[in-house]
Amino acid sequence: MREGDVVNAGDTIAILDDDQIRARENQARATLLEAEAKAKGAQEQIAVLQEQLQQSQLQVGQSRLDTAGRVRQAEAELATAQSDLAQQEAAYQIAAFDKDAYTRLAKSGAVSERQGLQASTTADQQAAQ
């Protein structure tokens with residue numbers, strides 16, 4: 001049959017090749033299965049990545065807490081060191097005052113030379129600390 005031919009009811013105008021149709025159908029089915037498998041794989045990978053993200057967020061949160069704790073500890077240690085320093089400075093100032101006073105008193109004979117030497121030694125020890 002050709003284009004433009006007269007066709008009557010019941011005339012065969014085309015013959016479809018069943019094998020060719022089945023092959024196309026099978027190819028389409030295989031393509032669909034492959035796409036479904038890729039989608040499933042992508043969903044599984046998304047789930048894994050979401051779990052990794054959640055774990056990373058937990059680790060970051062824990063690190064922040066740990067760091068904050070270490071900062072507070074360092075601040076407390078600094079405050080203690082500053083307090084100790086202030087105490088040592090006060091003790092040194094008292095010892096230095098005593099050294100000067102006892103040295104003058106020892107020279108004038110108001111106290112023994114030993115007491116003046118002891119005050120001097122105490123001041124030197126405080127300075128060293």
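This one's a predicted model, so the numbers in the text were calculated from it and none came from an experiment.
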Find the distance between OG1 (T31) and CG (N26) and round it off to the nearest 0.5 Å.
10.5 Å

Across all chains, not counting sequence neighbours, the salt bridge (Lys or Arg N to Asp or Glu O under 4.0 Å) partners of E77 are none

Over all heavy atoms of both residues, which pair between N8 and D11 is shortest? Give the atoms and the distance, please.
N-OD2, 2.8 Å

Taken in chain and number order and not counting sequence neighbours, the residues that satisfy salt bridge (Lys or Arg N to Asp or Glu O under 4.0 Å) with E44 are none

For A95, side chain to side chain contact (heavy atoms under 4.5 Å, CB included) partners two or more places apart
T122, A123, Q126

Roughly how far apart are S83 OG and Q88 CD, rounded to 0.5 Å?
10.0 Å

Quick check against the 3.5 Å criterion: does T103 have a side-chain atom that pairs as donor or acceptor with the backbone of K99?
yes

With rounding to the nearest 0.5 Å, note down the distance linking CG in D84 to OG1 in T80.
6.5 Å

Hits for side chain to side chain donor-acceptor pair (under 3.5 Å) against R22, two or more places apart or cross-chain, chain-then-number order -> D18

Nearest 0.5 angstrom please: R72 CZ to R70 CZ, how far?
11.0 Å

Residues in side chain to side chain donor-acceptor pair (under 3.5 Å) contact with D66, at least two apart in sequence or another chain
Q62

Counting only heavy atoms not in E36 (residues, nucleotides, ligands), do more than 12 fall under 6.0 Å from its CD?
yes

Partners passing side chain to side chain donor-acceptor pair (under 3.5 Å) against Q55 (at least two apart in sequence or in another chain)
E51

Spacing of L33 atom CG and K38 atom NZ [to the nearest 0.5 Å]
12.5 Å

